[in-house]
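So the structure is just underneath, and the comments pick up after that.
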Amino acid sequence: MDDDYTEQDSVRRDRPGRARLLLGGTLATVLLATVGGTVGWALAEPDAQETGTPGAADAGGLSTPVDEPTTARPTAARTGAPPPPAATGGGLTVPRLVGLDFEKARDTLHDRKLGWRLVFGTGSGRTVTRTVPAQDTSVKAGTTVRVEVSGPAPEVEVPDLIGEDCDDAADELGEVGLFPRYPTGNRGEVTAQLPAADATAHWNDQVAISCGDRQTPTPTPGATPTL
């Protein structure tokens with residue numbers, strides 16, 4: 001009876017000690033796991049910071065902190081075609097003259113304060129076949145436009161210019177498609193012309209007009225004046 005009691009009593013005394021050992025081992029395991037996780041997180045934290053969303057880089061290559069606001073840099077808009085060239089004539093362009101009668105084309109250029117030079121062809125008709133610069137081209141006021149005509153230069157009658165002011169005579173010649181030539185200058189009244197009035201010429205022909213003041217002949221001493 002004493003032996004049985006002693007053995008059982010020993011077992012009972014040993015059980016609390018073993019429980020404490022098991023509990024201590026469990027607590028140690030949990031503690032080690034906690035410490036290991038904390039150390040692992042601390043070691044992994046720099047990498048986590050590096051792989052996070054970076055801040056915008058400034059001109060010196062330094063990173064702006066993530067929690068500071070950054071301003072996006074504007075970018076140029078992309079288009080499918082380059083911008084059109086700037087107009088050089090303030091909106092003035094060569095009118096569309098191809099297919100028009102050449103006199104109508106000339107009047108249109110005059111209204112737009114553009115010059116003209118008619119170039120007649122060897123075909124037939126009076127229509128414009130081409131202009132240089134081309135129609136719709138931006139130009140400056142006063143630009144001379146070359147107007148090519150399908151047929152030859154038509155005939156025109158030379159007007160009578162004697163006695164007219166030289167400037168007025170030049171304008172009258174221009175109206176009928178002729179050009180003045182000034183053998184004696186372009187001031188004063190027209191005193192002579194060649195070809196003469198009513199002669200036949202062609203568009204673009206020149207007419208020589210002698211301009212100057214009419215002078216009264218000075219009588220020679222002792223000579224009989226003529227009336």
Side-chain angles (χ1 to χ4, degrees), residues 79-217 226:
T79 57
T88 58
L92 183 62
T93 60
V94 177
R96 300 190 174 190
L97 306 177
V98 175
L100 294 181
D101 181 89
F102 74 85
E103 285 195 65
K104 175 64 175 176
R106 181 198 63 170
D107 294 342
T108 301
L109 291 171
H110 179 269
D111 293 342
R112 296 201 180 192
K113 301 187 183 305
L114 296 173
W116 63 87
R117 182 163 69 91
L118 298 174
V119 178
F120 294 93
T122 58
S124 60
R126 297 168 50 96
T127 58
V128 177
T129 59
R130 180 172 175 254
T131 63
V132 181
Q135 56 191 20
D136 297 329
T137 301
S138 296
V139 292
K140 296 179 180 179
T143 299
T144 298
V145 179
R146 173 188 171 101
V147 180
E148 298 181 4
V149 185
S150 57
E155 291 184 350
V156 62
E157 187 176 280
V158 178
D160 184 1
L161 306 173
I162 302 299
E164 293 187 12
D165 181 81
C166 202
D167 289 339
D168 294 339
D171 291 340
E172 188 173 349
L173 288 173
E175 287 294 327
V176 296
L178 301 172
F179 289 92
R181 183 169 64 85
Y182 307 100
T184 60
N186 58 353
R187 295 289 184 269
E189 294 182 354
V190 177
T191 58
Q193 69 176 75
L194 187 69
D198 300 330
T200 299
H202 291 83
W203 275 75
N204 285 355
D205 284 351
Q206 288 186 340
V207 176
I209 52 176
S210 299
C211 300
D213 295 333
R214 289 183 177 274
Q215 296 180 359
T216 302
T226 58

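Atom set for the values below is all heavy atoms of this structure, side chains included, hydrogens, waters and symmetry mates excluded. We count residues from 1, following the sequence as given.
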A side-chain contact here means heavy atoms from C-beta on lying under 4.5 Å apart; do [X] and [Y] qualify?
X: Gln135; Y: Val98; result: yes
X: Thr93; Y: Arg112; result: yes
X: Phe179; Y: Asp205; result: no
X: Gln193; Y: Ile162; result: yes
X: Leu100; Y: Thr127; result: no
X: Glu189; Y: Asp165; result: no
X: Arg146; Y: Val119; result: yes
X: Arg187; Y: Tyr182; result: no

[X] to [Y] - nearest heavy-atom pair and separation:
X: Leu92; Y: Lys140; value: CD2-C, 3.7 Å
X: Cys211; Y: Gly185; value: CB-O, 3.5 Å
X: Leu114; Y: Gly142; value: CD2-N, 4.0 Å
X: Ala170; Y: Pro180; value: CB-CG, 3.8 Å
X: Ala134; Y: Val94; value: O-CB, 3.5 Å
X: Pro154; Y: Phe120; value: CD-CE2, 3.7 Å

Look only at the side chain of [X] and the backbone of [Y], and say whether a donor-acceptor pair between them is shorter than 3.5 Å.
X: Thr131; Y: Val147; answer: no
X: Thr137; Y: Pro133; answer: no
X: Thr184; Y: Ser210; answer: no
X: Asn204; Y: Leu118; answer: yes

Return the [atom1] to [atom2] distance between [X] and [Y], rounded to the nearest 0.5 Å.
X: Glu164; Y: Thr191; atom1: CD; atom2: OG1; value: 13.0 Å
X: Arg106; Y: Asp111; atom1: CZ; atom2: CG; value: 10.5 Å
X: Trp116; Y: His110; atom1: CH2; atom2: NE2; value: 5.5 Å
X: Leu97; Y: Glu148; atom1: CG; atom2: CD; value: 12.0 Å
X: Glu175; Y: Glu103; atom1: CD; atom2: CD; value: 9.5 Å

request  = Quick one: do Thr129 and Val149 satisfy side-chain contact (heavy atoms from CB on, under 4.5 Å)? Show the steps, please.
outcome  = CA-CA 6 Å; Thr129 59; Val149 185; over 6 Å; no
message = Assess the residue pair Cys166 and Ile209 against the criterion (side-chain contact (heavy atoms from CB on, under 4.5 Å)); give the C-alpha distance rounded to whole Å, side-chain angles, the decisive distance to 0.1 Å, and a yes or no.
response = CA-CA 8 Å; Cys166 202; Ile209 52 176; 4.1 Å; yes
task = Apply side-chain contact (heavy atoms from CB on, under 4.5 Å) to the pair Val207 and Val158, showing each step before the final yes or no.
result = CA-CA 8 Å; Val207 176; Val158 178; 4.3 Å; yes
ask   = Is the number of heavy atoms from other residues, nucleotides or ligands within 6.0 Å of NE2 (His202) greater than 12?
value =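 For His202, atom NE2 is crowded (more than 12 foreign heavy atoms under 6.0 Å).
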